[in-house]
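What follows is a short report on a single structure.
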Amino acid sequence: MEQHHTIHAIRQSVGKARSNGSTVGVVPTMGNLHEGHLSLIDRALSMTDFVVCTLFVNPMQFGAGEDLDNYPRTLDQDRERLQQHGCHCLFAPPASEVYPEGLQSHTTVTVPALSERHCGAGRPGHFDGVATVVTKLFNIVQPDVAIFGQKDYQQLQVIRKLTRDLCLPVTISSAPTLREPNGLAMSSRNGYLSQEQKDRAAVLYRSLQQSATRIGEESAVDFPAIESTAMEQIREAGLEPEYVAVCDATTLQPATAESRELVILTAARIGSTRLIDNITLVR
């Protein structure tokens with residue numbers, strides 16, 4: 001597996017692959033890879049000939065007081081796991097390569113509406129950072145296909161929209177959320193949790209499943225009541241719920257009686273760790 005740290009080097013590598021007739025896939029990550037990430041690599045390998053995993057802890061998407069400095073960085077372990085899975089190339093640039101003039105004077109990409117609710121409301125500027133770095137990575141690697149996990153559902157929808165709006169020639173593909181045996185969605189931030197906290201955090205998925213069941217069974221669905229019940233379940237398990245929201249799966253606006261494709265989104269804190277999850281359903 002190749003490993004590159006500069007834009008020039010990764011462009012040369014991708015250019016060589018393209019000259020051999022290969023299609024190119026990219027899996028953007030912040031590292032500390034787990035089985036969920038590796039499932040994205042496997043999906044990319046099934047869809048394209050040459051797979052690039054980008055590993056970059058993006059400072060632009062972290063707000064004041066968030067865990068940028070403490071975010072786990074495990075490059076050697078990540079490189080080994082990628083090689084074992086057959087990834088062709090790792091691109092792990094330093095921040096100075098991605099933002100050579102620093103963050104304050106850097107052009108940013110904003111995706112309105114989709115970015116403003118849910119995680120966007122609680123983390124101002126977060127999705128501007130995501131949209132900016134993903135746009136840069138697409139322009140650096142110039143992939144045919146990019147793979148993202150469905151756990152970060154709002155992020156996925158933001159990236160789909162920016163790709164459409166900016167006419168970027170990249171196909172966005174998604175892969176299902178992988179879960180721990182107790183249902184907890186796999187996340188790099190799970191490493192911050194004790195086993196007891198992981199067991200309590202499993203309430204997130206249980207509450208989503210029970211909410212989805214209610215929506216499927218009730219003829220006249222009271223969405224705010226379902227959200228309130230799920231919030232209380234999460235609170236009773238000792239977590240601090242940030243939100244539970246039943247939404248249109250595409251626009252992420254509040255669901256209505258006419259909504260057919262839905263997503264239920266949630267975010268909560270356990271200790272200092274913020275977790276997110278979601279479930280989709282069709283009425």
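In this text, all values refer to a predicted model and were calculated from it rather than measured experimentally.
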Given side chains that start at C-beta, do those of F62 and V57 come closer than 4.5 Å, heavy atoms only? yes
Nearest non-hydrogen partners of D248 and T251, listed with the distance: OD1-N, 2.8 Å
Given 3.5 Å as the limit, does a donor-acceptor pair link the side chain of Q154 with the main chain of R117, or not? yes
Path from Y153 to V134 over hydrophobic side-chain contacts below 4.5 Å: yes
Residues in salt bridge (Lys or Arg N to Asp or Glu O under 4.0 Å) with D69, at least two apart? none
To the nearest 0.5 Å, how far apart are CG in N70 and OG in S272? 9.0 Å
Check whether any side-chain N or O of Q3 sits under 3.5 Å from a backbone N or O of C89 as a donor-acceptor pair, and report yes or no. no
Write down the atom of V244, the atom of M231, and the distance for their closest heavy-atom approach. N-SD, 3.6 Å
Report the residues that fulfil salt bridge (Lys or Arg N to Asp or Glu O under 4.0 Å) with K136, sequence neighbours left out, ordered by chain and then residue number. none
Check the pair L82, M1 against side chain to side chain contact (heavy atoms under 4.5 Å, CB included), reporting the backbone distance first and the verdict last. CA-CA 8 Å; L82 288 170; M1 183 182 71; 3.7 Å; yes
Let me check something: do V158 and I276 share a hydrophobic cluster, defined by ILVMFWY side-chain heavy atoms less than 4.5 Å apart, either directly or through other members? no
Salt bridge flag under 4.0 Å for residues D277 and R179: yes
The side chain to side chain contact (heavy atoms under 4.5 Å, CB included) partner of S174 among I147, I159, L156 is L156
Short question: side chain of R73, backbone of G31 - any donor-acceptor pair under 3.5 Å? no
What's the spacing between C87 SG and D42 CG if we round to 0.5 Å? 10.0 Å
Side-chain heavy atoms of I279 within contact of V263, under 4.5 Å: no
Any chance you could measure L38, atom CG, to H85, atom NE2, to the nearest 0.5 Å? 4.0 Å
Do any N or O atoms from the side chain of T110 and from the backbone of D128 form a donor-acceptor pair under 3.5 angstrom? no
If you look at every heavy atom in T54 and P28, which pair is closest and at what distance? OG1-CA, 3.0 Å
Applying the 4.5 Å side-chain criterion to the ILVMFWY set and letting contacts propagate, would V170 and I41 be lumped into a single cluster? no
With a 4.5 Å limit on heavy-atom distance, are the side chains of V52 and V27 in contact? no
Residue pair P93 / T6, side-chain heavy-atom distance below 4.5 Å: no
Are any side-chain N or O atoms of T177 and backbone N or O atoms of A185, one a donor and one an acceptor, separated by less than 3.5 Å? no
Whether S115 side chain and P112 backbone form a donor-acceptor pair below 3.5 Å: no
Would the distance check show the side chain of N32 and the main-chain N or O of T74 forming a donor-acceptor pair, the cut-off being under 3.5 Å? no
State which residues pass ring-ring contact (aromatic ring centres under 6.0 Å, His included) with Y243; sequence neighbours excluded, sorted by chain then number. H118
Could you check whether any side-chain N or O of S39 sits under 3.5 Å from a backbone N or O of G36, counting only pairs where one atom can act as donor and the other as acceptor? yes
Inter-residue atom distance L55.CG - F91.CZ, 0.5 Å rounding: 10.5 Å
Of all pairs that satisfy ring-ring contact (aromatic ring centres under 6.0 Å, His included), the ones with a partner from residues 27-53, not counting sequence neighbours: H34-H37, F50-H88
Output a table of donor-acceptor pairs, distance under 3.5 Å, between side-chain atoms of residues 96-105 and any protein atom two or more places apart or on a different chain; print 'none' if there are none.
residue : atom : partner : partner atom : Å
E97     : OE2  : I7      : N            : 2.8
Y99     : OH   : N58     : OD1          : 2.6
S105    : OG   : E101    : O            : 3.4

Quick one: ring-ring contact (aromatic ring centres under 6.0 Å, His included) pairs with a partner in residues 161-190, sequence neighbours left out? none
Should we say atom CD of E261 is surrounded by more than 12 heavy atoms from elsewhere, each under 6.0 Å from it? no
Rounded to the nearest 0.5 Å, the CG atom of L208 sits from the CD1 atom of I264 at a distance of 6.0 Å
According to ring-ring contact (aromatic ring centres under 6.0 Å, His included), does anything in residues 219-238 pair up with another residue at least two apart or in another chain? List the pairs. none
Grab the two heavy atoms, one from D165 and one from K161, that are nearest each other, plus how far apart they are. OD2-NZ, 2.6 Å
Counting neighbours of NE2 on H5 that are heavy atoms of other residues, nucleotides or ligands and sit closer than 6.0 Å, is the number greater than 12? yes
What I want to check is whether the side chains of R11 and Q142 have a donor and an acceptor closer together than 3.5 Å. no
Could you report the tightest heavy-atom contact between F148 and I172, atom names first, then the distance? CD1-CG2, 4.1 Å
If we only count heavy atoms from C-beta on, is the I140 to I10 side-chain gap below 4.5 Å? yes
Do side-chain atoms of H126 reach the backbone of Q61 as a donor and acceptor pair under 3.5 angstrom? yes
For R79 and L90, the nearest pair of non-hydrogen atoms, with its separation, is CB-CD2, 4.2 Å
For a side chain to side chain donor-acceptor pair (under 3.5 Å) check, start with the C-alpha distance between S259 and R283, then their side-chain angles and the critical distance, and finish with the verdict. CA-CA 8 Å; S259 301; R283 297 177 69 198; 5.9 Å; no
Taking salt bridge (Lys or Arg N to Asp or Glu O under 4.0 Å) as the definition, give me every residue that meets it alongside D67, ordered by chain and number, with sequence neighbours left out. R189
T107 vs T132 side-chain heavy atoms within contact, under 4.5 Å: no
Got L168 and L162 here, is their nearest side-chain heavy-atom distance under 4.5 Å? yes
Enumerate donor-acceptor pairs with a distance under 3.5 Å from any side-chain N or O in residues 233-242 to protein atoms, sequence neighbours excluded.
residue : atom : partner : partner atom : Å
Q233    : NE2  : Q210    : OE1          : 2.5
R235    : NH1  : E232    : OE1          : 3.1
E242    : OE1  : R274    : NE           : 3.1
E242    : OE2  : R274    : NH2          : 2.8

Test of understanding: with side chain to side chain contact (heavy atoms under 4.5 Å, CB included), list the residues that count as partners of Q84, not counting sequence neighbours. E80
Transitively linked via ILVMFWY side-chain contacts under 4.5 Å: Y205 with L281? yes
R18 meets the side chain to side chain donor-acceptor pair (under 3.5 Å) criterion, sequence neighbours left out, with D144
For E66, the salt bridge (Lys or Arg N to Asp or Glu O under 4.0 Å) test, sequence neighbours excluded, returns R123
Please round to the nearest 0.5 Å and tell me the distance separating atom CD of Q197 and atom CG of N190. 10.5 Å
Any donor and acceptor pair, going by atom type alone, linking the side chain of N278 with main-chain N or O of K151 inside 3.5 Å? yes
Side chain to side chain, L204 and L275, heavy atoms closer than 4.5 Å: yes
Quick one: do I215 and L262 satisfy side chain to side chain contact (heavy atoms under 4.5 Å, CB included)? Show the steps, please. CA-CA 10 Å; I215 291 171; L262 305 179; 4.0 Å; yes
